[in-house]
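Take a look at the structure below.
Proteins come first, then strands; the chains are lettered A, B, ... in the order of their sequence lines, and each starts at number 1.
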Amino acid sequence: MGEFELTLSSLIVVVLGGLGVYLLLPRGTNSSDRAARIVGSLLATISLVLIASNFGDVLPNKTNELTFYLLAAVSIISAVLMIASHNPVISALWFALVLLSNSGLYLLQGAEFLSAATIIIYAGAIIVTFLFVIMLAQPNGAAPYDLHSREPLLSCTAGVILAWTLLGTLHYACTEESKPLSQRHAGASMAALPSPALVAKSLEAQPESIIRADKGHVDNLGRTLFLEHYVAVEVVGMLLLVAVVGAVLIVNRDPAKLTAA
Amino acid sequence: MGNLPLLNNYLSVGAILFTLGLIGFLSRRNLIVMFLCAELMLQGVSLTLVGFSTFHGSWGGQVFTIFSLALAGAEAAVALALIVVLFRRNETLDISLWQDLREADQPPVLDEFEADQLEPETVYPELTRSGVLPGQGGLPPHHNHRTIDEAIEEQRHEPVEVPHA
Amino acid sequence: MFSQDWIEPLIKMAVVIGAIQGAVAYLVLAERRAAAFFQDRVGPNRVGPFGLLQPIADGLKFILKEELIPSGAHKPIFLLAPVMILASATLAFATVPVGYYFPAILGLKAPIAMTIAPGMDIGLLFVLAVSSLGVYGVILGGWASNSKYSFLGGLRSSAQLVSYELPLGLSLIGAILLSGSLRMETIMDAQATSGWWWVMLQPLGFAVFLISGFAEAARLPFDLPECEQELVAGYHTEYTAMKFGMFAMAEYMHMITVAFLAVIIYFGGWHLWYVAPYVEADQVTLIGALLRIGILQGKVLVLVFFFMWVRWSFPRFRYDQLMSIGWKIMIPLGLVNLLASAISQEFLAQDAYLAKAVVSWAVLAACFVYGMLNVNPQGAPSQHALAKV
Amino acid sequence: MQANDPNIQWVEEPQLGWTGRMYLTPIIDGLTITLNHFFKAARGDTFTVQFPEERPKFGNPLIYRGVHRLNKDDEGRVKCVACFMCATACPAHCIDIVGTQAPWEDREKYPQSFVIDELRCIFCGMCEEACPVDAIELTSMFDLTGASREEMIFDKEKLLSVFDQTIAAEPMKSKGGHATGKGA
């Protein structure tokens, strides 16, 4: 029975959130009255708080925990506002905020290089280029296609189902994991914890011991990247080159010629 | 090795971001916003990968995320180029105008438009342009109500003989 | 709660932010005096002795002026843009060391690192990342003003800033390879222990860094964001009073950041031969610590003076020239420098500094010769040649 | 003028030397020039004049075009004969004269009122050129200030007082005591 209650409670939470997002999505100037948006944001907030109450609070220390909640809340709220905003420029800005808080979350997990790289590449270059295009393409006000979303109910339903699957499974597995092995349901575990022997074996299998405890984070990441994954690095470099050449070719084509052909 | 509730937290945030990106991708109609939603999904996945990487104490997840960053850069370049080309053709970013790309046997998606009561555009007062119309030696005195556009329009109907310089 | 972990960063933050703001105010005065001297004038000398109270008068004027918000402006973003640019400029100082370690004072545990966030493994990347966020203030300030001049100015300057981030990052990689770390403290230590400043080992990298730094800080000859003769005032045309002051302050902070980076990465930071040699962190005396802070700041001031000097010496580039310098000259030069330093790092011993210096200066000379052979001796085609055509 | 006109003298641009082609010498030259100016000014050799304490020097105060004055003749009478030449010549229309019968024998008219709006004046000196009796002249007074617009409209008394202030430093351009408007 525990299984059912768990999944039901997470369904309720997720449906609340989905309803909130549905009410927040743009649906024309006539129907998007203030009340719907207020109710929507209220529902979404309640759902967020309920999800957060299921979070485990076993973080290394109180400061880290507070920072995590703050960053996660900023990230999720900005994501909601991003898909709900009428103006694409504002959407892009909310996405930039999502990126910033995500890079904070990376930093909290010790992935320093990633957090800096996310800011430099995503927030510093990609979003700025997108802002360029949005501003050039749409200089004044909201366009009709930004004021109406397509099938908001159906897409929210799809989202609810996906979120329920993901969050319900996570919640369930995490709850089960805390039980002793004998009381668990079959297969109800999310953590395939590698055994120490397995770790030692995988380290031995590598051409040289690449992780050095005395070196810093970036050093170790670089060693992993360029010793273990060097082929992938080359391939990604090639891909970037191809993408740049392709982008230049696509944009430089004369649209008049294309239509004629 | 990691802390399971901690991993659960990060996975939940990643899952929520992914779902929100999905909802946005399905429901928004602006090409660029749809692209941003796809990037949002990518962010959710990246968060998940980094969470697993920390949990397992391995660098694999982070390395994978670095690759996905590079891929996002490539993707953004190409997608932006495509969006610019599409925008040049139709002067709009509406995805619904590209329905002729659908499969032959699929019916078109009809987007219901309610009649929007858009705010009237701000009307700025029309000022008389200053300056001298070329070839005419200036506007007649006290002719304040005729703008240069109107003058040009008049000129088009009754050609003025321009004296040789 | 009130452990050193909390108090120490708070003190450092207060000191650094206060010092930076004060430095910005007085550098504006210094720049005005220097500009006057370069033009055979005297400069502001009325407010207080030698005009030393001029920054206070300027600040009062900024605060007391009327705040105008244009009609049709996107108000929240219009208000947010200067905050964004100033915040990113200030935040960049979080990992920039302002000196060497400090001995124990006031009962704090020694040695105290002279950085707000010491031990950040990605120090240099953090500075680049955070200062790359400043472009949001530029582009949004231009867009939200609802003015075409601001908008065009914002687009131009953000394109410039985004373009010059690439050569800036590329040029630094050579120095990072030499030091083997992204942490600025380690980079300075590496120079101090070897006794070589990286500018001697990385002349090409330094040249690319300096030119890109001029462009990133939007200083003449690359001050396209502002260029008052052409663009009204660029992206901050519609800004008044303190909001305009925030843009101006952020611009100055960018210049100070670039000067700090150049000193720390290429000019040895606090190191000066015989005067301030390398010592262990816990061996620093109070006088030694103060001396090292002074040396670092003195180098920064010299570099800032160089920025002002260049401003009055060279004319501004055209926008297309700016872009082609960035993409067609600076990025290839950065790549050449990266390749040369990677090769010499791989095939020469870690401490073969003389050999590395020879290699890098040879590469620089080769670049110059290549450039010389490819430059038209008359510069642009002459009028006579055009007339013949 | 055609491009192949034989009278055109074509000037070839100087060729860059090999250091110039590296852009090295031009850069160093530029920096040296500005640095020399910097040190020159830092030693105190500037063009700046500390204005209220220090008066600027003119090359020739007699040809400076500052505030107007109305000249007096030897008997202390206004030299003007109210011929309106200056008002006619004035491109800014800032001179307003009311002429009336002169109380003296040697001239027919004299200005009952003579007003110059110094805010409208463009200090072109046409009035000075036009005056047949050299009655109106422009002095080298340049620091003209006032707290209101009315204050800047100079009437006859004020213009004559300008004469009293400046006559010591700047003598009249033509001597001669009496008006010579009639016939001369």
Legend entry - Ring-ring centroid check F123(D) F142(D), cutoff 6.0 Å: no
Legend entry - Interchain contact, F368(C) with chain D, by part (heavy-atom threshold 4.5 Å): both
Inset, instruction - Answer with side chain, backbone, both or neither: which region of I33(D) has an atom nearer than 4.5 Å to a non-hydrogen atom of chain C? - result: neither
Inset, instruction - Identify which of L31(D), T46(D), T48(D), I27(D) forms the greatest number of heavy-atom pairs closer than 4.5 Å to chain C. - result: L31(D)
Legend entry - Flag for S140(D)-E170(D): side-chain donor and acceptor within less than 3.5 Å: yes
Legend entry - chain D contact via R33(C) - which portion, at a heavy-atom distance below 4.5 Å: neither
Inset, instruction - Taking atom types as modelled, find out whether E118(D) and H68(D) have a side-chain donor-acceptor pair closer than 3.5 angstrom. - result: yes
Legend entry - Pairing residues for K40(D) by the salt bridge (charged side-chain N to carboxylate O under 4.0 Å, His left out) criterion, not counting sequence neighbours: D40(C)
